[in-house]
Amino acid sequence: MRRSLQYDVIVAGGGTAGVAAALGAARAGARTLLVERNPFLGGIATFGGVNSFCGFFRGGQEKSQLVKGAGQMVLDSLAGLGEPVEPWVNGFGRAIINYDLEMLKYALDCLLTEYHVDFLLHTRLADVLLSADRIVRALCLDDEGSFAVEAGNFVDATGDGNLARMAGAPFLYGEDGAVQAATLVMVLGGADAGRNYTADDVEAALKKGRDNGIGPMTKMRTSVWKSQKGESLVLELANYPLRSLDAESITRAECEGRKLAHVYVRAFRAYLPGMENCFLQISGPGIGIRESRRIVGRRELKAEHILAGEKFPEERIGYGTWPVELHDDVTKMSRNTDVGGDGCYGIPLGCLRPRNPENLWCAGRNICADHEALASARVMGACFVTGQAAGVAAALTDDGGCCRMEDVRKELLRQGAIL
């Protein structure tokens, strides 16, 4: 092994949850390292090509912001680069924030550098070493070989629970093995971006295409939204029922997704007015995975909590606001159920902590939530919330595994989070 790095907190995964965790830990005083397998930060927000932040605002059109803290730091970083960060209301009546993918990549680089977070891209987790129910070190790989990273506490923000799985933490996979559909995002250039394309318009064009021999297709309806700069159109059509995270399954999913994307473009060019000259500007780059492994934690967030607008006042580390958005049929648009009560729910700290090992915290879509609750808690607004809390908790967890709720909440408030 060629080298070993030592830190107070190590965060695995550089998506929105991982960036928030690294910022939370560093601002709480921990020497922090973030490792990410992709060539840039952002996860689904950049590598998945999503183009928008969901879950910052309470339901409805009043645009009441309930996610600040690390999420607001990212918005401020974008604004400091001259980017607009004002929300807009989508076709479902939800306030979201569009962003430019390239500017977000750069803003995240700048933000972690500003707060003295060390980060390594092109770095993959390979294994972990445990001793007495604690992770002692993680083994990482880059193109020069293997190296060890050691820390007192770790955060799994990989999205797929990769670190937790390697560490022997118990986890679940979907609902009886079935997960929400994965989607390869499509960005189209060359279309008339001034037109208002409805889901009905999309469906009518795709049905004509299918009836005239263009195929195969899965999903036939989708919303169409403009990229932040207004020159491209973003669609979520190329669905795939991803059942496993092995290389063979993901390879097949992404190849099928690209095949579908080109089929859809052919149908649009032939049958959707305003898209006669459209072309596939970019897909992905990676397929967007909505659900895979989620930990068995010390507290479980359930759909019934979200539908009741449960607040968990004594153990809340932030709020979720997005509806339960289930993509459980690859041929259809999502099923959406609004958050109950006043349009928000609390996320308990215990959802971020697996039953073992004692020095691991989790954030993002791998937290402890049931299948339907995850359909709300997986979106990026909630990922900023759970990430920052996991990072703070990791920084404040002592050698005996003790972490006091009141200390975590106090530090989150100091960092600007809304509790």
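Nothing fancy with the numbering, it's 1 onward along the sequence.
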Query raised in the report: Do V149 and R137 have side-chain heavy atoms sitting under 4.5 Å apart?
Result: no
Return a table of donor-acceptor pairs under 3.5 angstrom between the side chains of residues 11-23 and protein atoms on other chains or two or more places apart.
none

Query - Atom of L352, atom of A390 and distance for their closest heavy-atom approach - result: CD1-N, 3.8 Å
**Report entry** Side chains of F171 and P354 in contact at under 4.5 Å (non-hydrogen atoms)
**Finding:** no
Report summary line: C351 and I295 have their tightest heavy-atom pair at O-CD1, 3.7 Å
Report task. Using the side chain to side chain donor-acceptor pair (under 3.5 Å) rule, take E236 and T222 through it: C-alpha gap first, then chi angles, then the decisive distance, then the call. Result -> CA-CA 6 Å; E236 294 183 353; T222 187; 5.8 Å; no
Report task. Give a yes or no answer on whether the side chain of N212 reaches the backbone of K208 with a donor-acceptor pair at less than 3.5 Å. Result -> yes
Query raised in the report: Under a 4.5 Å cut-off applied to non-hydrogen side-chain atoms, are N366 and D156 in contact?
Result: yes
Query raised in the report: Under 30°, 30 to 60°, or over 60°: which ring-plane class applies to F47 and F40, parallel, tilted or perpendicular?
Result: tilted
**Report entry** Enclosure of R124 CZ (heavy-atom neighbours >12, cutoff 6.0 Å)
**Finding:** no
Report task. Please name the pair of heavy atoms, one in M217 and one in A267, separated by the smallest distance, quoted to 0.1 Å. Result -> CE-CB, 3.9 Å
Query raised in the report: Can the ring centres of F53 and Y99 be said to be less than 6.0 Å apart?
Result: yes
Query raised in the report: Under a 4.5 Å cut-off applied to non-hydrogen side-chain atoms, are L307 and T337 in contact?
Result: yes
**Report entry** R365 side chain near I289 side chain, heavy-atom distance below 4.5 Å
**Finding:** yes
Query raised in the report: When you look at E83 and K229, which way does the salt bridge (Lys or Arg N to Asp or Glu O under 4.0 Å) test go after all the steps?
Result: CA-CA 10 Å; E83 292 295 290; K229 297 297 191 284; 2.8 Å; yes
Query raised in the report: Roughly how far apart are L326 CG and S376 OG, rounded to 0.5 Å?
Result: 10.0 Å
Report task. For the pair R269 and E276, find out whether any cationic side-chain nitrogen is under 4.0 Å from an anionic carboxylate oxygen. Result -> no
Query - Check: R316 side chain, K311 main-chain N or O, donor-acceptor pair, under 3.5 Å - result: yes
Query raised in the report: What are the two closest heavy atoms between T183 and L237, and how far apart are they?
Result: CG2-N, 4.2 Å
**Report entry** Derivation and outcome, side chain to side chain donor-acceptor pair (under 3.5 Å), residues T32 and Y115
**Finding:** CA-CA 10 Å; T32 303; Y115 284 91; over 6 Å; no
Query raised in the report: With a 4.0 Å cut-off, would you call D200 and R221 a salt bridge?
Result: yes
Requested in this report: Carefully, step by step, assess E411 and L396 under the rule side-chain contact (heavy atoms from CB on, under 4.5 Å).
Outcome: CA-CA 9 Å; E411 178 62 22; L396 299 181; 4.3 Å; yes
Sequence neighbours excluded and cut-off under 3.5 Å, please list the side-chain donor-acceptor pairs for residues 103-114, or say none.
from : atom 1 : to   : atom 2 : distance (Å)
K105 : NZ     : E102 : OE2    : 2.9
T113 : OG1    : D109 : O      : 2.8

Requested in this report: Identify the two heavy atoms, one from T123 and one from C140, that lie closest to each other, and give their separation to 0.1 Å.
Outcome: CG2-CB, 3.7 Å
Report task. Please tell me if the side chains of W225 and N98 come closer than 4.5 Å, counting only heavy atoms from C-beta onward. Result -> yes
Requested in this report: Check whether any side-chain heavy atom of L163 lies under 4.5 Å from a side-chain heavy atom of V128, and answer yes or no.
Outcome: yes
Report summary line: d(R210 CZ, E203 CD) to nearest 0.5 Å is 8.5 Å
Report task. Enter the distance from R58:CZ to T321:OG1 here, rounded to the nearest 0.5 Å. Result -> 9.0 Å
Requested in this report: Of all the heavy-atom pairs spanning A303 and D370, show the shortest one and how long it is.
Outcome: N-OD2, 3.0 Å
Report task. Examine F56 together with F384 and report whether their ring centres are nearer than 6.0 Å. Result -> yes
Report task. Determine whether more than 12 heavy atoms belonging to other residues, nucleotides or ligands lie under 6.0 Å from atom CD of E175. Result -> yes
Requested in this report: Starting from the C-alpha separation in whole Å, work towards a yes-or-no answer on side chain to side chain donor-acceptor pair (under 3.5 Å) for D160 and S292.
Outcome: CA-CA 6 Å; D160 297 313; S292 57; 2.5 Å; yes
Query raised in the report: Hey, does the Lys NZ or Arg CZ of R3 hover above the aromatic six-ring of F147, less than 6.0 Å from the centre and inside 45° of the axis?
Result: yes
Query - Salt bridge R252-E248, side-chain N to carboxylate O under 4.0 Å - result: yes
Query raised in the report: Does any N or O in the side chain of R294 come within less than 3.5 Å of the main-chain N or O of I367, such that one atom is a donor and the other an acceptor?
Result: no
Query raised in the report: Under 4.5 Å between any side-chain heavy atoms of I250 and Y240, yes or no?
Result: no
Query raised in the report: Could D201 and R195 be called an ion pair, given the rule that one side-chain N must be under 4.0 Å from one carboxylate O?
Result: no
Query raised in the report: Is the shortest distance from a Lys or Arg side-chain nitrogen in R378 or E325 to a carboxylate oxygen in the other one below 4.0 Å?
Result: yes
